[in-house]
Enquirer: 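A single structure is presented below for examination.
Hydrogens, waters and symmetry mates play no part in the numbers below; they use all other heavy atoms, side chains included. Reminder, nothing fancy here: chain letters follow the sequence lines and each chain counts from 1.
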Protein chains: 2
Amino acid sequence: MTTTQPADAPTTDTGPASDRIVDGLRRQILTGARAPGTRILQEDLAREFNASRLPVRDALRRLEGEGLVRLVANTGAWVESLSVHECTEAYLIRERLEPLLLSLSAPHLDDAVVDRLADLATRMQGADLETFLRLDREFHLLSYSGGAAPSIEEIVRRLWNSTQPYRRAYAVLVGVADSPATHAEHTLLVEALRRRDPQDAAHVLELHIRRTRVELARHPDVFDTD
Amino acid sequence: MTTTQPADAPTTDTGPASDRIVDGLRRQILTGARAPGTRILQEDLAREFNASRLPVRDALRRLEGEGLVRLVANTGAWVESLSVHECTEAYLIRERLEPLLLSLSAPHLDDAVVDRLADLATRMQGADLETFLRLDREFHLLSYSGGAAPSIEEIVRRLWNSTQPYRRAYAVLVGVADSPATHAEHTLLVEALRRRDPQDAAHVLELHIRRTRVELARHPDVFDTD
DNA sequence: TAAGGCGTGATTGGATACATTCACAAGACC
DNA sequence: GGTCTTGTGAATGTATCCAATCACGCCTTA
């Protein structure tokens, strides 16, 4: 049987070829340089990255898998544009998976990471919205970096990526960023991690995400229906 | 701005082109015709489906996104082979997401679907392992077909697909298939759906999945470490 | 004899050129 | 005047060919 396994361990991918395009386009989408709903032309991308349309297609397929691009056969590619419902779903999933992920990751976080988390939590307070969102993302994803559950971590990362470009939600999130509850929860979370209490940390996180989800659900008007 | 949305609703994909390869290869992996860990040669696939290597590459990229294929740059493609840990993770995720998905789907299931579920639950009893696994999959995925949470449904479907090819777990699952508890839980689930009690159905389902997960965790030896 | 380097072959990655499909719009018919 | 039809154009899908890369086996050497 042709079961020759790759060299040693077939770790993720680490493609040295057209990954330049994947990374670049992902960055453009996450930073908002390409807004949700805008069309992506293969030829434009090819020119932009000095490549042919072939690696571009590979890149689009991969980003489709990540939920950042929507491909329609024989028609074209668009930057993924979540509906209100899909955004709600994302938060429902996060509410279930992230506490689990944190409880699995927590035992593997050393003191240096916890210190870094504490620092991030402090710097978030009083920051402007853009800074808050950047630090908040770094804070939570760092807390999941224990490496105990890579599959869950990947799903969670995709959910963060999917919802991040939706600047329309900023009108609501600015309230979340200013809320004392948000920063209190971050503090509680760090302290639970310092106490090596994964269950408590997970519980705080569940409340944290639920509160944000409910806040978003209260203002469905921030989403246009175009 | 070039924001021209696709025709009407950019529903999923419905690609009329090389999707033949995606469907065919997915089927081969799910049915076990291609075992986990075996290599996939682009040229072989191209010959098999009477196409060039180019649509084959697209297909592999897409199935990589579905978690059924592992691509290593400049090296090749393999049928995804889950580790013990990844399999455990999959069940942990299912334990959290499927009850949620069921509680959202349940209100949208009409009587005909519930009848079909009851029929499937009955036919599962005393069936051989292959039949049980097929009916069990159909049973659970049908119970999620309310269409209330397509994003969650897609994640769950991928998890089912990822774990399905792992015939090594069959030694354990045969015990699950024979267990009276399994069929009792299926019955309870159908009755909860008939009563229109999504919360109860979700609760039963959570116990159902947890029991299977624990059973698998008790026999880590069914997984080789090659 | 065992370990390291090198060459060969096979396989994947990419570029160009052509075929196919779809969207949009202008025109004809009712 | 509205609706259906049809034609044009642009963008995607595919095939073939060439280049780059990696795995495997052989040879050399300590």
Enquirer: Taking only the side-chain heavy atoms of A:S18 (C-beta and beyond), determine which of D:dT16, C:dG14, C:dT21 contains the nearest atom.
Expert: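 Shortest atom-to-atom distance from the side chain points to C:dG14.
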Enquirer: Whole-Å distance between D:dT12 C1' and A:E64 CD?
Expert: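 Checked: the CD to C1' distance equals 14 Å.
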Enquirer: Of the candidate nucleotides C:dT12, D:dA15, D:dC22, which contains the atom at the shortest distance from the side chain of B:Q42?
Expert: C:dT12
Enquirer: Judged by modelled atom types alone, do A:N161 and A:R137 share a side-chain donor-acceptor pair under 3.5 Å?
Expert: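 Present: a donor and an acceptor within the cut-off.
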Enquirer: With a distance cut-off below 6.0 Å to the six-membered ring centre and an angular limit of 45° from the axis, does A:R39 pair with A:W78 as a cation-pi contact?
Expert: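 Satisfied, under 6.0 Å and within 45°.
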Enquirer: Grab the CG-P distance between B:N74 and D:dC22 for me, whole Å please.
Expert: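 Checked: the CG to P distance equals 5 Å.
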Enquirer: Under 4.0 Å from OP1 or OP2 of C:dT12: is there any side-chain N or O of B:R57 that close?
Expert: no
Enquirer: What is the distance, to the nearest angstrom, from the CD atom on B:E43 to the P atom on D:dC17?
Expert: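 Going from CD in B:E43 over to P in D:dC17 covers 13 Å.
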Enquirer: Return the value, rounded to whole Å, for the distance between atom CG of B:L54 and atom P of C:dT16.
Expert: 14 Å
Enquirer: Heavy atoms from C-beta onward define the side chain here; which of D:dT14, C:dA23, C:dT11 lies closest to that of B:R39?
Expert: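 When the side chain of B:R39 is considered, C:dT11 is the closest of D:dT14, C:dA23, C:dT11.
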Enquirer: Whole-Å distance between C:dG13 P and A:R53 CZ?
Expert: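 After rounding, the reported distance stands at 19 Å.
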Enquirer: Cation-pi between B:R94 and B:Y91: NZ/CZ under 6.0 Å from ring centre and within 45° of the ring axis?
Expert: yes
Enquirer: In this structure, how many angstroms lie between the P atom of C:dG13 and the CZ atom of A:F49, rounded?
Expert: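 So the two atoms are 19 Å apart, to the nearest Å.
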Enquirer: CG of B:N50 versus P of D:dT16: gap in Å, rounded?
Expert: 11 Å
Enquirer: Checking contacts here: which listed nucleotide (C:dG14, C:dA15, D:dA11) is nearest the side-chain heavy atoms of A:L41?
Expert: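 Looking only at side-chain atoms, A:L41 lies closest to D:dA11.
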Enquirer: Heavy atoms from C-beta onward define the side chain here; which of C:dT12, D:dT14, D:dG13 lies closest to that of A:A73?
Expert: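 Of all the options, the side chain of A:A73 is nearest to D:dG13.
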Enquirer: Heavy atoms only, 4.0 Å cut-off, all strands: where does B:L60 land among base, sugar-phosphate and nothing?
Expert: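 Contact class for B:L60: none.
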Enquirer: To the nearest angstrom, how far is A:D58 atom CG from D:dT14 atom P?
Expert: 13 Å
Enquirer: Just wondering, more than 12 heavy atoms not from B:R27 lying within 6.0 Å of its CZ?
Expert: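 Counting neighbours around CZ of B:R27, 12 or fewer heavy atoms of other residues, nucleotides or ligands fall under 6.0 Å, so no.
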Enquirer: Check whether the side chains of B:E86 and B:S83 place a donor and an acceptor atom closer than 3.5 Å, and report yes or no.
Expert: yes
